[in-house]
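Heads up, the thing below is written out as structure tokens.
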Amino acid sequence: MKKIIISVALLIAGWSGKSFAQSTQVDESVYEKRKLKLEEVNFVSSYYSQNGNTSAVTGGIGTEQLTDIANSIDLKLIKLDKHNRQHTFNIDLNVDFYTSASSDKIDPLTISSASRKDTHFYPTLSWSIKNDLNRTSKGLSLSYSTEYDYKSYGLNLNFSKTSKDNNREFSIKGGAFFDTWTIILPAELRPNGYGSGAHGDRDPVDYKPRNSYNMAFSLSQVINKRLQVLFTVEPAYQEGLLSTPFHRIYFRDGSETVEKLPGNRLKLPVGMRLSYFLGDRVILRTFYRYYTDNWGMQAHTVNLESSIKLSPYMSISPFIVLIINRLLNIFILTGKMIRIVLIIQVITIFQILTPAF
């Protein structure tokens, strides 16, 4: 599969000079009460394109051509309360416009089905409180997401605490997402009287839930002025409809059915990140993650990234990702499990970030 990603980011912000050190002292006199003010505005647009010939919509043998244009605007507002705690409010609005040749094959006999293109809208509201006196930060966020065939509501909570010398930080995050999916079936596998889910089709369709719960624990440590390390553990649990009903499965005798997966899944990713500062202009980052779940899947991910500052207004961030998956396919063909396969995927992405003031 070939992927192309282009990202353009604009940053509008106002801040005073910032400096970093291994140890800082809190001076309460530098704070003064202030009203809510707009601190930062971010605009991000990106274009994504892919192709391939192993689409699950057509049983792993069809086009994967897809294009996506994503746009987001992020507003950051801050205020200090009477206890000198900083309150940060984020309003994040995102909308994606995409077309998918594979989804168009849900109704393969039509010239162009309703699933050929879609709009994905997903806003998020978040609030956090930072207290420099006890070196803690806590917050919550609410999210909503909708596409043609699903809706999702999310809640996230987070807490972090920094050591006295500011060289160590522990954080914990928890989230829950409650989704409702419209059960859209391939045209040839729909029972009599079952609808297509398209606008104007009055025949009924089913709806199924999917609930996801996740936790994230992280510990970061400054080793010296140039090196920082981060450890993460991110368990997650899902229940409900975990398959995609319009994915086709073909059997050797020529028959077919829809994708059917177990109704629950337990995931456990464990990761480590190293960040090394080569100077004022170059940062090197490496990341490794091991993943396993109760479906028998194991994966290793290695990410190499650098950030090179060309000027106060422009930086480039090339990086490469190596993914090695050991997949245990749970579909049954002629009474036997499909083989365990090894997949090695390399993704290279080149980004240019241009702040504008």
Contact summary for I183 and Y194, nearest pair of heavy atoms: O-OH, 2.5 Å

Check this for me: K173, atom NZ, are more than 12 non-hydrogen atoms of other residues, nucleotides or ligands nearer than 6.0 Å? no

Within a radius of less than 6.0 Å around CG of D280, do more than 12 heavy atoms belonging to other residues, nucleotides or ligands occur? no

Would you find a donor on one side and an acceptor on the other, under 3.5 Å apart, between the side chain of K161 and the backbone of N134? yes

Heavy atoms, side chains only, cut-off 4.5 Å: are S306 and I308 in contact? yes

When you measure from the side chain of N94 to the backbone N and O of Y122, does any donor-acceptor pair fall under 3.5 Å? yes

Would you give the length of the straight line joining atom CG of N131 to atom OG1 of T136, rounded to the nearest 0.5 angstrom? 5.0 Å

Taking C-beta and beyond as the side chain, do L77 and E39 meet within less than 4.5 Å on heavy atoms? no

same_hphob_cluster(F287, L322) at 4.5 Å side-chain heavy-atom cutoff: no

Is a side-chain N or O of R210 found less than 3.5 angstrom from the main chain of G240, in a donor-acceptor match? no

Atom pair CG (L284) and CZ (F277), whose distance is rounded to the nearest 0.5 Å: 10.0 Å

For the residue pair R226 and G279, what are the closest heavy atoms and their distance? NH1-N, 3.6 Å

Would you please test T257 and F251 for side chain to side chain contact (heavy atoms under 4.5 Å, CB included) and show each step? CA-CA 8 Å; T257 188; F251 295 93; 3.5 Å; yes

Is there a donor-acceptor contact under 3.5 Å from the side chain of R281 to the main chain of K309? yes

Verify the cluster assignment for F170 and V222: are they in a single hydrophobic cluster under the rule of side-chain heavy atoms below 4.5 Å apart? no

Which Ile, Leu, Val, Met, Phe, Trp or Tyr residues join Y213 in one cluster when any pair of side-chain heavy atoms under 4.5 Å counts as a link? F178, Y237, L266

Between Y98 and D118, is a side chain to side chain contact (heavy atoms under 4.5 Å, CB included) present by the stated rule, with each step listed? CA-CA 6 Å; Y98 68 87; D118 200 357; 3.4 Å; yes

Backbone N/O of N84 and side chain of D81: donor-acceptor pair under 3.5 Å: yes

When the ring planes of F89 and W127 are compared, do they come out parallel, tilted or perpendicular, using 30° and 60° as the limits? parallel

For T88, the side-chain contact (heavy atoms from CB on, under 4.5 Å) test, sequence neighbours excluded, returns K76, I78, Q86, N90, S128

Closest non-hydrogen atom pair between S126 and S141, with its separation: CB-CB, 3.6 Å

For the residue pair G195 and V205, what are the closest heavy atoms and their distance? O-CG1, 3.5 Å

Shortest non-hydrogen contact from G174 to M215? CA-SD, 3.7 Å

Rounded to the nearest 0.5 Å, how far apart are CG of N156 and CG of L140? 9.0 Å

Compute whether any side-chain donor of one residue and acceptor of the other, for T146 and K151, lie under 3.5 angstrom apart. yes

Out of curiosity, does L36 fall in the hydrophobic cluster containing I129 (side-chain heavy atoms, cut-off under 4.5 Å, transitive links)? yes

Closer than 3.5 angstrom, by distance alone: can the side chain of R135 be matched with the main-chain N or O of T162 as a donor-acceptor pair? yes

Distance (rounded to the nearest 0.5 Å) between L268 CG and D293 CG: 9.5 Å

Are any non-hydrogen side-chain atoms of L219 and R168 less than 4.5 angstrom apart? yes

Taking the side chain as every heavy atom from C-beta outward, state whether D92 and D74 have any pair of such atoms under 4.5 Å apart. yes

Just checking, any donor-acceptor pair under 3.5 angstrom between side chains of T292 and Q298? no

Could you state the interatomic distance from OG (S49) to CG (L66), rounded to the nearest 0.5 Å? 8.0 Å

Please determine, by modelled atom types, if Y153 and T180 share a side-chain donor-acceptor pair under 3.5 angstrom. no

Which word best sums up how the rings of W181 and Y150 line up, parallel for under 30°, tilted for 30 to 60°, or perpendicular for over 60°? parallel

Answer with yes or no whether the hydrophobic clustering places F159 together with F217; edges join I, L, V, M, F, W, Y residues whose side-chain heavy atoms lie under 4.5 Å apart. yes

Begin with the C-alpha distance, continue with both residues' side-chain angles, and end with the deciding distance and a verdict on side chain to side chain donor-acceptor pair (under 3.5 Å) for Y47 and T67. CA-CA 7 Å; Y47 172 81; T67 60; 5.3 Å; no

Atom of W295, atom of N264 and distance for their closest heavy-atom approach: NE1-O, 3.0 Å

Please determine whether residues V95 and Y48 belong to a single hydrophobic cluster, defined as Ile, Leu, Val, Met, Phe, Trp and Tyr linked transitively by side-chain heavy-atom distances below 4.5 Å. no

Is it the case that the side chain of R190 and the backbone of L185 share a donor-acceptor pair, with hydrogens and angles ignored and the cut-off at 3.5 Å? yes

Evaluate the side-chain proximity of S196 to D203: yes if any heavy-atom separation is below 4.5 Å, no if none is. no

Look at atom CG of L155 and say whether more than 12 heavy atoms of other residues, nucleotides or ligands are closer to it than 6.0 Å. yes

Stepwise side chain to side chain contact (heavy atoms under 4.5 Å, CB included) check, L230 with Q228: CA-CA 7 Å; L230 170 72; Q228 182 177 351; 6.0 Å; no

